Amino acid sequence: MASKRKSEDNSVGDKVSSKKSAPFWKNGLMSSMHDPELQVYKDDKVIIIKDKYPKAKYHFLVMPKENIANLKSLKKENVDLLEHMHEKGKETAEKSDAELQFRLGYHAVPSMSHLHLHVISQDFDSPCLKNKKHWNSFNTEYFVDSEEIIKELEQNGKVVKEVTSSQELLKKNLRCHVCKKEMTTIPALKTHIKQHSYKKS
Ligand code: AMP
Ligand code: ZN
């Protein structure tokens with residue numbers, strides 16, 4: 001069982017354990033952080049890796065070296081760190097493809113331990129994007145922009161934003177993120193989104 005799980009994408013909403021203690025795969029980012037195959041940037045504060053199951057052509061995760069579990073663990077003094085994560089994420093996106101649109105943000109309810117900022121290109125062109133939960137986790141309010149989180153931490157000294165009915169967001173009907181057309185299936189959506197341009201205007 002354990003060896004089978006090791007290579008799986010247990011990302012958002014894919015509940016595979018009901019045990020109270022955190023399942024081992026939740027800590028996968030901690031080992032991937034130090035994997036030279038995945039690492040793309042490192043400094044004294046952050047490490048950036050390629051997402052192991054990218055949901056777009058370019059998909060990175062920016063992680064602090066400091067042990068911060070999630071958004072709820074953040075304190076006012078972490079504002080500088082979040083700004084640094086944002087800047088380095090933006091630089092990595094620009095180095096990958098300066099023409100392409102990217103979004104930087106956090107999942108309201110992350111599946112993996114250790115704070116991680118998603119840096120994801122808006123083409124969503126990837127075989128790893130397989131289901132409605134994957135799509136909705138990046139294309140509904142489940143995905144919270146990094147700048148919004150930074151602003152909230154500055155104003156309140158903590159991240160209090162509660163995304164109501166987060167599991168409902170993941171079940172929403174599929175909708176193109178560009179023209180908002182509703183689509184019935186993931187294959188139809190993936191064909192449809194190829195017609196749009198994701199270049200910066
Ligand atoms: P989140 O829902 O914000 O916790 O997203 C976790 C992200 O980590 C997803 O985009 C997964 O594809 C990615 N992921 C899962 N396991 C690993 C791993 N072992 N190494 C790198 N990325 C991973
Ligand atoms: Zn469209």
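All ligand and atom numbering here is 1-based and tracks the order in the structure. Only a predicted model underlies this, so the values are computations on that prediction, with no experimental measurement involved.
N70 and S73 share a donor-acceptor pair across their side chains, judged by distance under 3.5 Å alone. Side-chain contact of D123 with H196: a donor-acceptor pair under 3.5 Å is absent, judged by distance alone.
For the residue pair I48 and K88, the shortest heavy atom distance occurs at CD1-O, 3.6 Å. Pairing each heavy atom of L104 with each of K90, the nearest pair is CD2-N, 3.7 Å. Across all their heavy atoms, I47 and Q39 have their closest contact at CG2-CG, 3.7 Å.
Listed by number with element, the atoms of ligand 1 under 4.0 Å from a non-hydrogen atom of H107 are 1 (P), 2 (O), 3 (O), 5 (O). Each of the atoms 8 (O), 17 (C), 20 (N), 21 (C), 22 (N), 23 (C) of ligand 1 lies under 4.0 Å from some heavy atom of L29. The distance from ligand 1 to the heavy atoms of G28 drops below 4.0 Å at these ligand atoms: 19 (N). Which parts of ligand 1 touch H59 is read off a 4.0 Å heavy-atom cut-off, strictly below it: atoms 10 (O). For ligand 1 and H118, the ligand atoms under 4.0 Å from any heavy atom of the residue are 1 (P), 3 (O), 5 (O), 7 (C), 10 (O). Of all atoms in ligand 1, numbered sequentially from 1 with element shown, those under 4.0 Å from a heavy atom of K55 are 12 (O). For ligand 1 and H116, the ligand atoms under 4.0 Å from any heavy atom of the residue are 1 (P), 3 (O), 4 (O), 5 (O), 6 (C).
The count of protein N, O or S atoms under 2.8 Å from the Zn ion (ligand 2) stands at 4, with waters excluded from the count.
Residue F102 holds its CZ atom at 4.5 Å from OG of S121, rounded to the nearest 0.5 Å.
When only interatomic distances are considered, the shortest N/O to N/O separation between M112 and ligand 1 falls below 3.5 Å. Checked by distance only, ligand 1 and K52 come closer than 3.5 Å through their nitrogen or oxygen atoms.
Although no hydrogens or angles enter the test, the distance criterion places a donor-acceptor pair under 3.5 Å between the side chain of H114 and the main chain of P64. A donor-acceptor pair is defined here as one N or O able to donate and one able to accept, closer than 3.5 Å; such a pair exists between the side chain of K180 and the backbone of H177. Not a single donor-acceptor pair under 3.5 Å links the side chain of N27 to the backbone N or O of M30.
Of the heavy atoms in S32, only side-chain atoms (C-beta onward) come closer than 4.0 Å to ligand 1.
The shell of residues lying under 4.0 angstrom from ligand 1, judged by heavy atoms, includes L61.
Residues passing the side chain to side chain contact (heavy atoms under 4.5 Å, CB included) test with V79, sequence neighbours excluded: E83, I150, L153, E154.
Checked against a 6.0 Å centroid threshold, the rings of H134 and Y53 do not count as neighbours.
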